[in-house]
Amino acid sequence: MRILTTTLTAATALAAATCAQAADVEVLHWWTSGGEAAALNVLKDDLSGQGIGWQDMPVAGGGGTQAMTVLRARVTSGNAPTAVQMLGFDITDWAKEGALADLNALADQNKWGDVIPAALQKFATHDGKWVAAPVNVHSTNWVWANKAIMDELGISQPQSWDEFVAAMQKAKDAGYTALAHGGQPWQEATIFDAVAMAAGGPEFYQKAFVELDEDTLGSDTMKEAFDRMATLRGFVDDNFSGRDWNLATAMVINGDAAFQLMGDWAKGEFLNAGKTPGQDFLCYRFPGTQQQVTFNSDQFAMFDQEGKVSDQQAALASAILSPGFQIAFNKVKGSVPARTDLDVAELDACGQQGYEEFKAAAASGNLYGSFAHGHANPAAIKNAMYDVITAHFNGEYDSATAVEELVTAVQINK
Ligand code: BGC
């Protein structure tokens with residue numbers, strides 16, 4: 001009898017646990033910095049308001065490289081999370097494997113097709129099916145500057161590469177770290193996004209990173225881009241190696257460093273520290289890329305649950321695309337809404353600028369997927385590019401060798 005009771009109790013407990021799990025959504029993501037966590041809370045609160053629990057599966061590491069490795073291991077062991085933060089070609093790759101749920105019913109009901117721009121639909125859909133819900137649009141070609149240092153040194157917004165170098169020199173001479181940087185491959189690639197765009201212009205960027213054209217990858221212009229990376233290397237502090245991006249942002253926030261080159265998730269850190277754009281910090285496009293936007297879009301892909309979309313997955317996807325959430329979340333995250341039909345008066349000045357520039361770049365053909373954040377080419381090529389860019393930044397290759405290595409890396413992984 002006692003055995004039976006024990007067995008029953010255990011069975012009841014298991015049923016309860018299974019039930020609790022079924023009502024939860026398990027979300028794998030890499031939003032672990034202060035600003036990112038604050039933004040994630042907007043989503044968690046939205047869902048908890050609908051009675052849906054949240055099982056958190058954070059995998060630290062900006063750009064999501066580690067998160068994607070953990071995801072692969074989870075799926076291989078037959079234990080895919082319900083929903084996963086993903087970028088660009090990673091979504092396409094998982095969709096090709098047939099792993100993602102078909103969100104068409106939801107998309108039709110809520111008319112996603114009318115409000116999500118083509119540049120995002122390219123990744124959110126596969127073979128005529130919606131497979132991911134776009135949360136936002138980030139862009140990588142930004143400079144973040146400490147306003148007090150700019151004022152003290154009389155530095156105005158640099159309009160060209162030479163002016164930017166002169167500004168960094170001024171900051172260095174005054175005893176500041178000119179460039180706050182975290183020496184991790186994805187951060188170096190993020191900088192390279194803007195540096196390459198500025199060095200060669202949009203056609204060069206398209207040919208090199210999207211079309212993977214060998215002549216362009218191996219060109220003198222690419223060498224110039226690497227030379228500029230070497231110049232930037234001369235403006236970082238001695239402790240840059242391995243530093244997380246948000247700690248680099250903190251150096252600008254605290255007035256230890258003048259500039260950071262980073263996507264607009266950096267703004268989330270400034271805001272989380274109680275700082276105001278225009279007053280405490282400045283945002284401007286990387287000099288020479290004022291007309292262009294190199295973007296990436298965080299999207300949540302839902303892993304297929306035996307052919308149907310669970311209620312929790314549907315609630316998560318609907319919440320993400322709702323106008324109220326798009327504003328509330330992006331205000332905190334530093335990004336701009338993925339929907340193009342919103343009034344963004346509630347966003348701060350950098351956010352309003354970013355939203356207008358994103359739409360203008362899309363209309364004028366100046367919108368480019370960020371290669372550093374998986375929107376120009378698939379992960380194998382992206383990671384091979386990371387290796388070359390980082391090796392060069394750390395002095396393993398001179399610029400001419402880096403160009404050759406880049407060509408080879410792409411040839412091997414294409
Ligand atoms: C993501 C951002 C994130 C950043 C740093 C990017 O790839 O798109 O949402 O904040 O990485 O973690």
Side-chain angles (χ1 to χ4, degrees), residues 27-43 56-71 83-91 119-120 123-124 132-142 144 180-194 242-250 252 260-273 283 293-301 320 325-326 329-338 350-351 354 358 368-379 382-383 385-386:
V27 185
L28 192 152
H29 63 88
W30 63 94
W31 285 335
T32 55
S33 76
E36 291 173 330
L40 194 66
N41 280 338
V42 177
L43 185 54
D56 209 30
M57 179 72 197
V59 183
T65 313
Q66 286 91 321
M68 289 303 101
T69 307
V70 169
L71 173 64
V84 180
Q85 177 193 359
M86 272 192 209
L87 297 174
F89 277 88
D90 289 330
I91 305 173
L120 304 195
F123 299 110
V135 182
N136 62 6
V137 179
H138 272 301
S139 54
T140 55
N141 57 324
W142 286 106
W144 304 94
H181 175 61
Q184 295 172 347
W186 75 271
Q187 293 189 60
E188 271 124 33
T190 301
I191 296 181
F192 202 66
D193 250 346
R243 176 188 288 137
D244 286 331
W245 67 272
N246 53 314
L247 300 182
T249 311
V252 180
Q260 183 185 20
L261 304 174
M262 191 41 62
D264 40 17
W265 45 89
K267 195 186 72 183
E269 297 303 304
F270 284 98
L271 300 179
N272 196 46
C283 57
V293 172
T294 46
F295 83 98
N296 65 305
S297 165
D298 292 304
Q299 308 205 10
F300 278 94
I320 286 172
F325 171 80
Q326 288 270 321
F329 177 89
N330 287 303
K331 236 164 91 173
V332 181
K333 182 68 172 63
S335 38
V336 302
C350 299
F358 170 68
Y368 292 87
S370 151
F371 92 81
H373 292 264
H375 281 64
N377 47 58
K382 176 189 84 171
N383 291 331
M385 287 182 167
Y386 277 16

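What's counted below: heavy atoms across the whole structure, side chains too, no hydrogens, waters or symmetry copies. Atoms within each ligand, like the ligands themselves, are counted from 1 in listed order. The residues of the chain are indexed from 1 along the displayed sequence.
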Exercise for the section: Indicate the atoms forming the closest heavy-atom contact of Leu120 with Ser297, along with that distance. Expected result: CD2-CB, 3.5 Å

Practice task
For residues Ala338 and Gln326, report the shortest heavy-atom separation together with the two atoms involved.
Solution key: N-OE1, 2.7 Å

Any donor and acceptor pair, going by atom type alone, linking the side chain of [X] with main-chain N or O of [Y] inside 3.5 Å?
X	Y	value
Glu269	Gly35	yes
Gln184	Gly242	yes
Tyr386	Ala372	yes

Problem - Protein contact of atom 1 (C) of ligand 1 - nearest heavy atom, named by residue and atom, plus distance - result: Asp298 OD1, 3.3 Å

Exercise for the section: Return the residue, atom name and 0.1 Å-rounded distance of the protein heavy atom closest to atom 6 (C) of ligand 1. Expected result: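 For atom 6 (C) of ligand 1, the nearest protein heavy atom is His373 ND1, 3.5 Å.
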
Need the ligand 1 atom indices (1-based, order shown) with element for anything under 4.0 Å from a heavy-atom of [X].
X	answer
Trp245	5 (C), 12 (O)
Gly62	5 (C), 12 (O)
Leu87	7 (O), 8 (O)
Lys333	2 (C), 3 (C), 9 (O), 10 (O)

Handout entry: Sub-4.0 Å heavy-atom contact, Gly63 with ligand 1
Key = yes

Exercise for the section: Establish, yes or no, whether a centroid distance under 6.0 Å links the rings of Trp142 and Phe270. Expected result: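 No, they do not, as the ring centres are separated by 6.0 Å or more.
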
Handout entry: side chain to side chain contact (heavy atoms under 4.5 Å, CB included) partner of Leu87, the single match among Met68, His138, His375
Key =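 Considering Met68, His138, His375, a side chain to side chain contact (heavy atoms under 4.5 Å, CB included) with Leu87 is found only for His375.
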
Problem - Of the listed options His29, Glu36, His138, closest to atom 5 (C) of ligand 1 (non-hydrogen atoms) - result: Glu36

Practice task
For ligand 1, find out whether one of its N or O atoms is nearer than 3.5 Å to an N or O atom of Trp31.
Solution key: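 Indeed, backbone or side chain, Trp31 has an N or O that close.
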
